[in-house]
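Working notes, beginning with the structure itself.
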Amino acid sequence: PLLPKGFQIAVLEGAPPFTDPKSFAFLLKFPKDYVVPPHTHAVAERVTVLKGTLNLGEGDKVDKTKTKAFETGSVLVAPAGGKHFAWTKEEVIIHVQGVGPFGITYVDPKDDPRQPPPAAEAKVEGSTDSSTAPVMMGPKDIKFADAPPILPKGAQIAVIEGTPPFADKKSYVFRLKFPDGYKIPSHFHNSTERVIVISGTLEFGAGDKWDDKAMAAFTAGAVGHIPKGGNHFVRAKG
């Protein structure tokens with residue numbers, strides 16, 4: 001009951017209500033004509049729109065005339081403490097990710113489905129958040145440039161949050177664009193990698209060596225988490 005009745009959740013990482021200082025990720029499905037009243041979070045909220053159009057506004061009250069529409073492929077970062085609300089005209093699915101404790105506090109306590117509402121969430125000190133200003137980008141707003149040489153030539157990158165090469169202990173978000181047939185050989189990362197496929201098909205395999213037979217195909221809307229130290233390789237199709 002963190003949100004008004006009618007939504008559905010699919011937990012990908014962590015355990016609701018995501019109160020420990022760990023990473024979390026989940027999908028939310030909103031029905032048509034759904035409203036999330038103005039609220040804040042204790043840490044930054046990172047949202048990717050996977051289906052439909054999410055209408056988002058900032059402020060203390062729901063005012064549908066002062067919202068922006070974010071279509072499939074949009075990415076949003078709401079900083080800790082930022083007041084915002086959302087509503088839908090159609091079914092919408094979003095991916096939400098961050099580092100807890102997450103928390104939600106409604107601007108008007110009467111909007112909270114948890115009655116009586118809990119005490120307001122305090123902003124988390126020592127948070128891993130690197131974003132202090134809202135990020136609201138539709139697909140056309142995301143500008144790509146050549147990726148750094150940590151990847152084979154041909155990839156492009158669009159940094160949403162953080163600063164390459166993302167060497168500090170702060171949250172980061174970026175988009176990668178691969179040409180058709182692009183390959184990344186077997187490799188691993190020092191932290192968990194969370195991937196959302198926005199367009200095309202990403203072929204993924206786990207292991208120390210390239211193996212076509214070991215690859216599985218993931219189309220737009222697919223999500224995946226690769227734990228730190230896990231060897232894997234990928235290829236773009238489309």
How close do [X] and [Y] get, counting heavy atoms only, and between which atoms?
| X | Y | value |
| --- | --- | --- |
| Gln115 | Pro109 | NE2-O, 2.9 Å |
| Pro4 | Pro113 | N-CG, 4.2 Å |
| Ala158 | Ile142 | CB-CG2, 3.4 Å |
| Ala147 | Ile157 | CA-CG2, 3.8 Å |
| Ile94 | Val92 | CG2-CG1, 3.9 Å |
| Gly162 | Val159 | O-CG1, 3.4 Å |

Can you measure from [atom1] ([X]) to [atom2] ([Y]) and round to the nearest 0.5 angstrom?
| X | Y | atom1 | atom2 | value |
| --- | --- | --- | --- | --- |
| Lys51 | Thr72 | NZ | OG1 | 9.0 Å |
| Glu13 | Phe26 | CD | CZ | 11.5 Å |
| Ile184 | Leu176 | CD1 | CG | 7.0 Å |
| Lys177 | Tyr182 | NZ | OH | 13.5 Å |
| Asp211 | Ser186 | CG | OG | 11.0 Å |
| Tyr106 | Thr40 | OH | OG1 | 10.5 Å |

- Message: Lys61 vs Asp111, test: salt bridge (charged side-chain N to carboxylate O under 4.0 Å, His left out). Steps then yes/no.
- Response: CA-CA 11 Å; Lys61 297 181 179 180; Asp111 290 330; over 6 Å; no
Hey, does [Y] have a side-chain heavy atom less than 4.5 Å from the side chain of [X]?
| X | Y | result |
| --- | --- | --- |
| Leu56 | Lys68 | no |
| Asp60 | Pro38 | no |
| Ile198 | Thr48 | yes |
| Asn55 | Lys89 | yes |
| Ser130 | Thr163 | no |
| Thr192 | Ser23 | no |
| Pro152 | Lys183 | no |
| Val36 | Phe30 | yes |

[X] (side chain) donor-acceptor with [Y] (main chain) under 3.5 angstrom:
| X | Y | value |
| --- | --- | --- |
| Lys22 | Thr19 | no |
| His39 | His84 | yes |
| Glu91 | Gly52 | no |
| Thr88 | Asp33 | yes |

- Message: A quick test of your reading: do over 12 heavy atoms of other residues, nucleotides or ligands sit less than 6.0 Å from NZ of Lys170?
- Response: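 Check passes, neighbour count above 12.
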- Item | Enclosure of Phe188 CZ (heavy-atom neighbours >12, cutoff 6.0 Å) |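 Atom CZ in Phe188 is not packed in, count stays at 12 or less.
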- Message: Applying side chain to side chain contact (heavy atoms under 4.5 Å, CB included), can you list everything that pairs with Val197, at least two apart in sequence or on another chain?
- Response: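 For Val197, the residues satisfying side chain to side chain contact (heavy atoms under 4.5 Å, CB included) (neighbours in sequence not counted) are Leu202, Phe218, Ala222.
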- Message: Could you check whether Lys110 pairs with Asp108 (Lys NZ or Arg NE/NH1/NH2 to Asp/Glu carboxylate O, under 4.0 Å)?
- Response: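 No, this pair does not count.
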All N/O donor-acceptor pairs, side-chain side in residues 95-105, below 3.5 Å, sequence neighbours left out:
unit_1 : atom_1 : unit_2 : atom_2 : d
Thr105 : OG1    : Glu121 : N      : 2.9

- Task: Start with the C-alpha distance between Met137 and Arg175, add both sets of side-chain angles, then the distance that settles side chain to side chain contact (heavy atoms under 4.5 Å, CB included), and finish with yes or no.
- Result: CA-CA 12 Å; Met137 303 177 74; Arg175 290 276 167 93; over 6 Å; no
- Query: Can you list the steps and then say if Glu90 with Thr53 is a side chain to side chain contact (heavy atoms under 4.5 Å, CB included)?
  - Reply: CA-CA 7 Å; Glu90 59 187 334; Thr53 298; 3.5 Å; yes
Following the transitive rule for hydrophobic clusters with a side-chain heavy-atom cut-off under 4.5 Å over Ile, Leu, Val, Met, Phe, Trp and Tyr, establish whether [X] and [Y] coincide in one cluster.
| X | Y | answer |
| --- | --- | --- |
| Val223 | Leu54 | no |
| Val195 | Ile150 | yes |
| Leu28 | Val49 | yes |
| Phe70 | Val135 | no |
| Phe7 | Val47 | yes |

- Task: Name the orientation class of the two ring planes belonging to Phe174 and Tyr172 (parallel below 30°, tilted from 30 to 60°, perpendicular beyond 60°).
- Result: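 Plane angle under 30°, so parallel.
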- Item | Intermediate values then yes/no, side chain to side chain contact (heavy atoms under 4.5 Å, CB included), Leu3 and Tyr34 | CA-CA 11 Å; Leu3 296 176; Tyr34 186 82; 3.5 Å; yes
Under 3.5 Å, which donor-acceptor pairs link side chains of residues 226-238 to any protein atom two or more places apart or in another chain?
unit_1 : atom_1 : unit_2 : atom_2 : d
Asn231 : ND2    : Asp208 : OD1    : 2.6
His232 : ND1    : His187 : O      : 3.4
His232 : ND1    : Gly230 : O      : 2.8
His232 : NE2    : His187 : NE2    : 3.1
His232 : NE2    : Glu193 : OE1    : 3.1
Arg235 : NE     : Glu203 : OE1    : 2.7
Arg235 : NH1    : Asp212 : OD1    : 3.0
Arg235 : NH2    : Glu203 : OE1    : 3.2
Arg235 : NH2    : Asp212 : OD1    : 3.4

